[in-house]
Every structure is written in structure tokens, then in C-alpha cells.
A.B. asks: 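Below is the structure I would like to discuss, written out as C-alpha cells.
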Amino acid sequence: MIRKRVHAFTTMILAAFVIGGLLVWFSSSPGSWYQSQLAQATHTNAAGTATVAKTAYTSNDQATSAYNKVKDAVVTVQNLQKSASLSDGASAFDDQTKDKQQTDYETAAQGSGVVVKIGKDTADIVTNNHVIEGSAAIQVVDANGQKAEATVIKTDTAKDLALIRVKSTAFKQVAKLADSSSLKSGQQVLALGSPLGAAYASTMTKGIISSPNRMLAISQTNNQNVQVIQTDAAINPGNSGGALINLDGEVVGISSAKISAGAADTNIEGMGFAIPANTVAAFIK
């Protein structure tokens with residue numbers, strides 16, 4: 001009985017050696033499954049560094065793409081007025097628009113503008129009428145910081161729009177106006193402009209269309225009833241005249257106003273308004 005058990009045990013040991021030898025031989029032979037799998041898993045180059053396949057990545061960020069399409073078409077518009085002080089008397093302020101010496105000017109207000117047409121050596125820019133109103137001169141600062149003097153082509157006080165022209169070859173990008181009649185509540189939009197002036201040029205904020213057709217009453221505009229786009233994208237002083245764009249990089253409106261306080265000095269957030277692109281297109285024509 002004992003001999004049978006020893007014999008069986010000896011047989012098992014011999015079998016294990018034989019099977020192990022066969023596995024070693026098969027794994028070392030060219031083209032074996034084990035070897036090919038191992039080679040693929042541990043493939044290295046001569047320097048001992050693991051080979052990594054090159055991976056191409058394309059950004060699908062719509063906001064970034066939209067911004068790049070229009071950023072160079074959005075400029076800063078500066079309202080220049082002749083510097084004067086109270087010691088000069090009231091007549092100094094009355095006559096401040098009569099003197100055209102550029103060295104006597106100072107920036108009285110700043111807003112934004114959108115390039116809508118480029119000629120041989122000119123560029124036409126749409127902005128808000130209230131941005132340039134009362135100016136002795138108008139200066140435009142492009143996205144690269146270059147300055148150019150602008151002249152007024154036409155204005156519409158009721159629509160709060162103005163078209164100005166600069167004589168310069170620095171402007172290369174024209175903004176495309178969208179069909180604002182197709183806007184929907186909830187649609188994502190971006191506001192581009194220069195809040196607080198040229199120091200913050202090319203600032204972008206993001207929001208949605210709160211209402212594509214909001215009517216502002218005479219009591220709110222101090223002029224007449226105005227149809228506007230309401231958005232919760234942040235619009236701050238200096239954004240006036242800037243672009244409100246969709247995620248295709250098209251201008252759906254020109255930022256114009258915001259409500260920052262209500263009755264009893266109630267603080268208001270996310271109540272911005274823009275002039276529809278279709279109104280702007282009709283004005284330009």
C-alpha cells in the first residue's frame with residue numbers, strides 16, 4: 001500500500017517536470033501565443049522608454065471656438081472730451097466740443113464696438129449711441145491695443161445705435177450678424193466687450209437668452225418703447241456696444257443696458273439687454 005502511494009507521488013512529480021519543460025519550450029519558440037502577448041505588453045525602444053502611441057486631441061469647446069471667431073472684431077470705443085475744470089467757468093464746458101486739439105482731450109467714457117465692414121483702408125464699427133454721445137472726438141482701440149481716430153457715419157438715438165468709421169488697415173476680422181428672429185429662451189450666449197474700459201478688453205461672459213423679445217417701456221428707456229433681447233450674461237459698464245454672440249460665433253445682438261437696482265434700492269442680478277441683430281442690420285443698411 002505504501003509502495004503504491006510512493007509510486008503515484010513519484011509519477012506526479014515526473015509529470016510536473018515534463019509539463020513544465022514543454023511550457024518553457026513552447027513559450028520560447030518564435031510565434032508562440034504567450035510570447036507574442038508578452039511582447040506587445042512590454043514593447044520598449046532601445047533607450048528603455050515605453051513606446052506611447054501619439055494621440056491627436058481636438059477641442060470641442062464651442063465657447064472657445066465662438067470666441068476666436070469674433071474676438072478681433074470687438075473693439076474698445078472711447079468718448080474723448082476736452083479737459084476742463086470748474087475754475088475755467090461754465091463756458092469751458094460748453095465749448096469743450098469746439099476745440100479739436102487732440103492733446104487737450106481726455107477719456108470721458110468708454111464702451112465697446114463691433115466691426116461690421118472692412119474697406120480698403122477703413123473699418124466700419126457699430127456701437128451704442130450713448131457711448132459716443134457728446135464726444136469731441138472718438139478713439140477706437142483694437143484687440144491688439146492699436147488706436148485709431150473715428151468719425152461718425154450716422155446715429156439713431158431711438159434705437160441707441162451709432163455707426164462710426166476708422167481709417168486704418170489694422171482691422172482684419174468682421175463679425176457676422178445672425179438672424180435674431182430665431183433666438184429661443186434658454187439658448188446659450190456669450191457677451192464680449194471691454195467692461196471698465198480698454199484695460200479689460202476682450203472680456204467674455206457666458207449666459208443664456210432669458211427672453212428673445214422683451215419690451216422695455218418708455219419709463220425705462222427715457223425715450224420710447226424698445227424691443228430687446230434679455231440675457232443673464234454679465235454686462236457691465238463698458239460692455240455697451242459690444243457683441244452678444246451665439247455658440248456659432250455670430251452676433252445676435254449689441255449689448256446696450258442692464259438693470260442693476262429696482263424699487264427701494266433692491267439689488268438686481270442677471271438683467272442685461274441687447275439690441276437684436278436684425279435691428280442692427282436694418283440700421284447699417
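Counting begins at 1 with the first residue of the sequence.
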A.B. asks: Please find the pair of heavy atoms, one from A234 and one from T205, that lie closest to each other, and give the distance.
C.D. replies: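 Looks like O-OG1, 2.8 Å.
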A.B. asks: With no hydrogens and no angle check, is any side-chain donor or acceptor of S180 less than 3.5 Å from a backbone partner on N278?
C.D. replies: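 Yes, the answer is positive, given that a donor and an acceptor are paired below the 3.5 Å cut-off.
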A.B. asks: Could you tell me which non-hydrogen atom of A73 sits nearest to which non-hydrogen atom of A175, and how far apart they are?
C.D. replies: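 Of all heavy-atom pairs spanning A73 and A175, the closest is CB-N, 3.7 Å.
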A.B. asks: Quick one: do V77 and V174 end up in the same hydrophobic cluster if we chain Ile, Leu, Val, Met, Phe, Trp and Tyr together by side-chain heavy atoms under 4.5 Å apart?
C.D. replies: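 Yes.
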A.B. asks: Any side-chain to backbone donor/acceptor pair from S194 onto A199? Under 3.5 Å, distance only.
C.D. replies: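 Not confirmed, S194 side chain does not pair with A199 backbone.
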A.B. asks: What is the minimum heavy-atom distance between L190 and A66, and which atoms define it?
C.D. replies: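 Answer, listing the atom of L190 first, then A66: CD1-CB, 4.0 Å.
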A.B. asks: Say whether, by atom type as modelled, one donor and one acceptor occur between the side chain of K258 and the main chain of I235 under 3.5 angstrom.
C.D. replies: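 Pair found, side chain donor or acceptor close to backbone of I235.
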A.B. asks: State plainly whether one hydrophobic cluster holds both I275 and I229, where clusters connect Ile, Leu, Val, Met, Phe, Trp and Tyr through side-chain heavy atoms under 4.5 angstrom apart.
C.D. replies: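 Result: no, two separate clusters.
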A.B. asks: Which atom names give the shortest non-hydrogen contact between M271 and Q230, and what distance separates them?
C.D. replies: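 Closest approach of M271 to Q230: SD-NE2, 3.3 Å.
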A.B. asks: Hey, quick one: are V74 and Y200 part of the same hydrophobic cluster, counting side-chain heavy atoms closer than 4.5 Å, chains of contacts allowed?
C.D. replies: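 In one cluster: no.
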A.B. asks: Could you pull out the closest heavy-atom pair between A137 and E149, with the gap in Å?
C.D. replies: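 Minimum heavy-atom separation between A137 and E149: CB-OE2, 4.4 Å.
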A.B. asks: Treating Q173 as the side-chain partner and K69 as the backbone partner, does any N or O pair qualify as donor plus acceptor under 3.5 Å?
C.D. replies: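 Yes, the answer is positive, given that a donor and an acceptor are paired below the 3.5 Å cut-off.
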A.B. asks: Using modelled atom types and a 3.5 Å cut-off, is there a donor and acceptor pairing between side-chain atoms of T231 and backbone atoms of I208?
C.D. replies: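 Side chain of T231 to backbone of I208, a donor-acceptor pair under 3.5 Å: yes, one is there.
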A.B. asks: Donor-acceptor check, side chain of N128 to backbone of H130, threshold 3.5 angstrom: yes or no?
C.D. replies: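 No, the answer is negative, given that no donor and acceptor are paired below the 3.5 Å cut-off.
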A.B. asks: Could you tell me whether K154 sits above the aromatic face of F283, with NZ or CZ closer than 6.0 angstrom to the six-membered ring centre and within 45 degrees of the axis?
C.D. replies: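 So K154 does make the cation-pi contact.
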A.B. asks: Are L244 and L177 connected in the hydrophobic side-chain network, where two residues link if heavy atoms are under 4.5 Å apart?
C.D. replies: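 Not linked; separate clusters.
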A.B. asks: Give the minimum heavy-atom separation between D160 and S256, together with the two atoms involved.
C.D. replies: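 Reported closest heavy-atom pair: OD2-OG, 3.1 Å.
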A.B. asks: Would you compute the distance between atom CD of Q227 and atom CG of N213 and round it to the nearest 0.5 angstrom?
C.D. replies: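 CG of N213 is found 4.5 Å from CD of Q227.
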A.B. asks: Scan V280, T155, T127 and name whichever one has a side-chain contact (heavy atoms from CB on, under 4.5 Å) with L161.
C.D. replies: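 Between L161 and the candidates, side-chain contact (heavy atoms from CB on, under 4.5 Å) is satisfied uniquely by V280.
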A.B. asks: Measuring from atom CG of N144 to atom CG of D72, what distance do you get when rounded to the nearest 0.5 angstrom?
C.D. replies: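 Reported value, rounded in 0.5 Å steps: 6.0 Å.
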A.B. asks: Checking side chain to side chain contact (heavy atoms under 4.5 Å, CB included) for the pair N246/Q187: CA distance, chi angles, key distance, verdict?
C.D. replies: CA-CA 8 Å; N246 58 26; Q187 182 177 337; 3.9 Å; yes
A.B. asks: F273, I254: one ILVMFWY side-chain cluster at the under-4.5 Å cut-off?
C.D. replies: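 In one cluster: no.
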A.B. asks: Just by modelled atom types, is the I209 backbone N or O under 3.5 Å from a matching donor or acceptor in the K184 side chain?
C.D. replies: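 Here the side-chain-to-backbone pair does not exist.
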A.B. asks: Closer than 3.5 angstrom, by distance alone: can the side chain of N79 be matched with the main-chain N or O of V131 as a donor-acceptor pair?
C.D. replies: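 Yes, N79 side chain to V131 backbone: donor-acceptor pair under 3.5 Å.
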A.B. asks: Quick check for you: to the nearest 0.5 Å, what is the distance between L192 atom CG and I245 atom CD1?
C.D. replies: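 The distance works out to 5.0 Å.
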A.B. asks: Between N239 (side chain) and N236 (backbone), is there a donor-acceptor pair under 3.5 Å?
C.D. replies: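 Yes, because the side chain of N239 sits within donor-acceptor range (under 3.5 Å) of the backbone of N236.
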A.B. asks: Kindly compute the distance separating CD1 (I268) from CD1 (I259), expressed to the nearest 0.5 Å.
C.D. replies: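 Interatomic distance, I268 CD1 to I259 CD1, rounded to 0.5 Å: 7.0 Å.
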A.B. asks: Got a donor-acceptor contact below 3.5 angstrom from the Y67 side chain to the S202 backbone?
C.D. replies: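 Indeed, once roles are kept as given, a pair shorter than 3.5 Å links the two residues.
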A.B. asks: Are side-chain heavy atoms of D121 and K167 found at a separation under 4.5 Å?
C.D. replies: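 Yes, their side chains come closer than 4.5 Å.
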A.B. asks: Under the criterion side chain to side chain donor-acceptor pair (under 3.5 Å), which of K147, E106, Q110 is the partner of Q78?
C.D. replies: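 Single side chain to side chain donor-acceptor pair (under 3.5 Å) partner of Q78 among K147, E106, Q110: Q110.
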A.B. asks: What is the distance from atom CG of D232 to atom NZ of K206, rounded to the nearest 0.5 Å?
C.D. replies: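 Answer rounded to 0.5 Å: 11.0 Å.
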A.B. asks: Atom CZ of F171 and atom NZ of K117: how far apart are they, to the nearest 0.5 Å?
C.D. replies: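 The NZ atom of K117 is 15.5 Å from CZ of F171, to the nearest 0.5 Å.
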